[in-house]
Amino acid sequence: MLTLKTIKAAFRGLYPDESLWITFLDREVKVTGRVTGIGGRIGARTEKGRLHEDIHANCVLFMEVK
């Protein structure tokens with residue numbers, strides 16, 4: 001399981017041409033999106049442009065730098 005601290009560290013350590021992508025559970029559906037911001041929770045935007053906010057770190061299944 002990923003912690004918010006780990007996800008924040010990965011997000012802060014990105015080079016300018018990189019982005020952090022996460023796969024997370026939205027209710028019971030797996031969704032993949034690019035992280036747009038992290039505070040107490042995570043915000044991510046899917047490839048189709050849908051914005052997901054208030055994602056809990058315990059809902060994140062996988063993260064990848066692209």
Side-chain angles (χ1 to χ4, degrees):
M1 177 184 292
L2 299 169
T3 65
L4 187 60
K5 187 175 181 178
T6 302
I7 298 168
K8 280 184 178 181
F11 189 64
R12 280 193 312 264
L14 295 174
Y15 287 107
D17 62 335
E18 294 178 328
S19 56
L20 182 64
W21 288 77
I22 58 172
T23 300
F24 59 95
L25 288 176
D26 182 21
R27 296 184 177 87
E28 295 183 7
V29 178
K30 287 183 184 178
V31 180
T32 300
R34 180 180 51 84
V35 174
T36 56
I38 303 175
R41 296 189 184 160
I42 305 163
R45 185 172 301 277
T46 65
E47 289 181 345
K48 293 183 179 181
R50 183 169 179 213
L51 180 63
H52 294 263
E53 296 178 312
D54 297 331
I55 303 166
H56 291 271
N58 60 356
C59 294
V60 177
L61 304 172
F62 181 76
M63 71 177 179
E64 177 182 15
V65 174
K66 294 184 183 179

Would you say [Y] ends up clustered with [X] if hydrophobic residues are merged whenever their side chains have heavy atoms under 4.5 Å apart, either directly or through other cluster members?
X	Y	result
Val29	Met63	yes
Val65	Val60	yes
Ile55	Val31	yes

Working to the nearest 0.5 angstrom, can you tell me the gap between [X] [atom1] and [Y] [atom2]?
X	Y	atom1	atom2	value
Phe24	Asn58	CZ	CG	13.0 Å
Ile22	Leu2	CD1	CG	9.5 Å
His52	Arg45	NE2	CZ	9.5 Å

*Nearest heavy-atom pair of Ala44 and Gly33: which atoms, and what distance?*
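Nearest pair, atom of Ala44 first, then Gly33: CB-C, 4.2 Å.
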*Mind checking side-chain hydrogen bond (donor to acceptor under 3.5 Å, both in side chains) for Thr32 and listing every partner two or more places apart, or none if nothing turns up?*
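Applying side-chain hydrogen bond (donor to acceptor under 3.5 Å, both in side chains) to Thr32 gives Thr23.
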*Thr36: what forms a side-chain hydrogen bond (donor to acceptor under 3.5 Å, both in side chains) with it, not counting sequence neighbours?*
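side-chain hydrogen bond (donor to acceptor under 3.5 Å, both in side chains) check on Thr36 returns nothing, list empty.
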Just distance, no hydrogens or angles: give the donor-acceptor pairs under 3.5 Å from side chains in residues 4-14, sequence neighbours left out.
{"residue": "Thr6", "atom": "OG1", "partner": "Thr3", "partner atom": "OG1", "Å": "2.9"}
{"residue": "Lys8", "atom": "NZ", "partner": "Gly39", "partner atom": "O", "Å": "3.3"}

*So do Asp26 and Arg50 actually touch side chain to side chain, heavy atoms under 4.5 Å?*
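Yes; the side chains approach each other to less than 4.5 Å.
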*Student check: side-chain heavy atoms of Arg34 and Leu20 closer than 4.5 Å*: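 No, side chains not in contact.
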